[in-house]
Amino acid sequence: MSLAARITAVRGSFDLDVDLEVPTGTVLALLGPNGSGKSTVLGCLAGLITPASAEITVAGRALAGLPPHRRGIGLLSQDALLFPHLSAADNVAFSPRSTGAGRRAARERAFYWLAEVDAVALADRRPGQLSGGQAQRVAIARALAAEPDLLLLDEPFAALDVDAAPAIRGLLRRVLKTGPTTVLVTHDPLDALALADHVAVLNDGRVVERGPTREVLSAPRTAFTARIAGLNLVAGTAVAEGLRTASGEVVSGLPAADVVPGEPAVAVFPPNAVAVYASDGEHRGSPRNTTDAVVAALEPHGPVIRVRAEGDGWANGLTADLTPAAVAELALEPGSAVTLSVKAATVAIHPAAAS
Ligand SMILES: Nc1ncnc2c1ncn2[C@@H]1O[C@H](COP(=O)(O)OP(=O)(O)OP(=O)(O)O)[C@@H](O)[C@H]1O
């Protein structure tokens with residue numbers, strides 16, 4: 001059920017004007033800094049905020065003007081917001097019950113979804129007896145048990161502690177593979193990488209960039225997106241020591257807890273983790289994660305110079321931040337041959353959406 005939306009909204013002195021297209025069954029991440037309008041977009045889609053104007057269709061059905069409960073939308077926010085007086089199973093069964101399912105059918109559907117999120121053992125507990133991560137599992141089951149045409153995720157990991165977040169992120173990645181059309185709001189590019197097929201970058205109420213997640217985040221076309229993303233990304237398949245690229249090179253790094261060997265993954269590291277050496281045939285630095293490249297461009301970036309590299313294999317498109325003095329010492333200019341080296345300890349390996 002694809003989503004098409006064109007929304008304008010005014011909140012005090014803030015105005016929003018966005019259009020979004022999300023193909024059936026895919027995940028769009030809305031990425032942007034605080035106050036850029038992400039929650040306003042979700043609120044308008046969900047029917048919780050009245051827009052100035054809105055055309056919203058899901059699978060050709062017009063939603064604007066419908067009350068929230070008739071939109072066929074599931075909403076998952078930072079906090080699980082479970083009904084405190086109901087057990088986990090009854091919280092999940094509430095969704096199908098509210099759309100007309102009988103008691104037994106609703107309970108069956110609740111247990112199906114509790115099993116999907118590995119929470120059957122929690123079925124009889126009240127929300128007060130659940131940890132934050134457990135409650136969020138139940139909330140995911142509740143959102144999906146409604147079989148929504150459109151799922152809205154509002155910073156779903158923001159309230160979880162750092163230990164719980166990777167498991168929930170992994171769980172969402174699994175259920176979203178075959179899940180409904182989804183809009184994910186986040187300010188964390190890693191969430192977008194893990195879950196989203198496409199991203200739209202919001203700034204000050206406008207979409208400033210959009211496209212396939214990896215493409216946008218690894219080669220941002222606007223300085224604004226580069227500031228948000230600001231990361232080097234190398235895509236491939238997770239292996240024990242890190243990641244193997246499509247051309248067979250291995251990038252060593254530290255896998256996040258939810259990385260599964262053999263599954264799509266990205267290696268992520270900041271530009272200031274990349275060391276640049278003159279290419280004199282001698283590889284210095286760590287022998288791992290060392291590759292030859294050519295300087296494609298040099299751009300001032302605040303107090304540093306950002307060196308953009310091109311080359312065969314994983315060096316292509318990497319950026320490195322150097323001091324002006326280092327750039328002068330190495331006599332770097334476009335076309336200079338260099339060797340790049342990245343310490344494995346600075347490389348994080350994360351699961352990635354498959355596309
Ligand atoms: N009730 C309100 N009245 C007036 N202005 C509001 C109201 N709610 C939000 N705003 C303004 O609307 C703008 C967009 O807010 P919104 O919450 O959509 O941004 P966001 O990208 O979701 O931010 P965050 O990441 O902080 O949640 C902000 O400038 C905010 O100050």
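Both counts, for ligands and for their atoms, begin at 1 and track the order of listing.
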Requested in this report: Give a yes-or-no answer on whether the side chains of N232 and T319 include a donor-acceptor pair shorter than 3.5 Å.
Outcome: yes
**Report entry** Any donor-acceptor N/O pair, N91 side chain to F83 backbone, under 3.5 Å
**Finding:** yes
Query raised in the report: Does D15 pair with R206 as a salt bridge, N-O distance under 4.0 Å?
Result: yes
Requested in this report: Could you tell me whether the side chain of R109 and the main chain of A145 form a donor-acceptor pair under 3.5 Å?
Outcome: yes
**Report entry** Q136 side chain vs I168 backbone, donor-acceptor pair below 3.5 Å
**Finding:** no
Query raised in the report: Can any side-chain N or O of R210 pair as donor or acceptor with the backbone N or O of H198 at less than 3.5 Å?
Result: no
Query raised in the report: Can you name the residues that come within less than 4.0 Å of ligand 1, going by heavy atoms only?
Result: R11, G12, F14, P33, N34, G35, S36, G37, K38, S39, T40
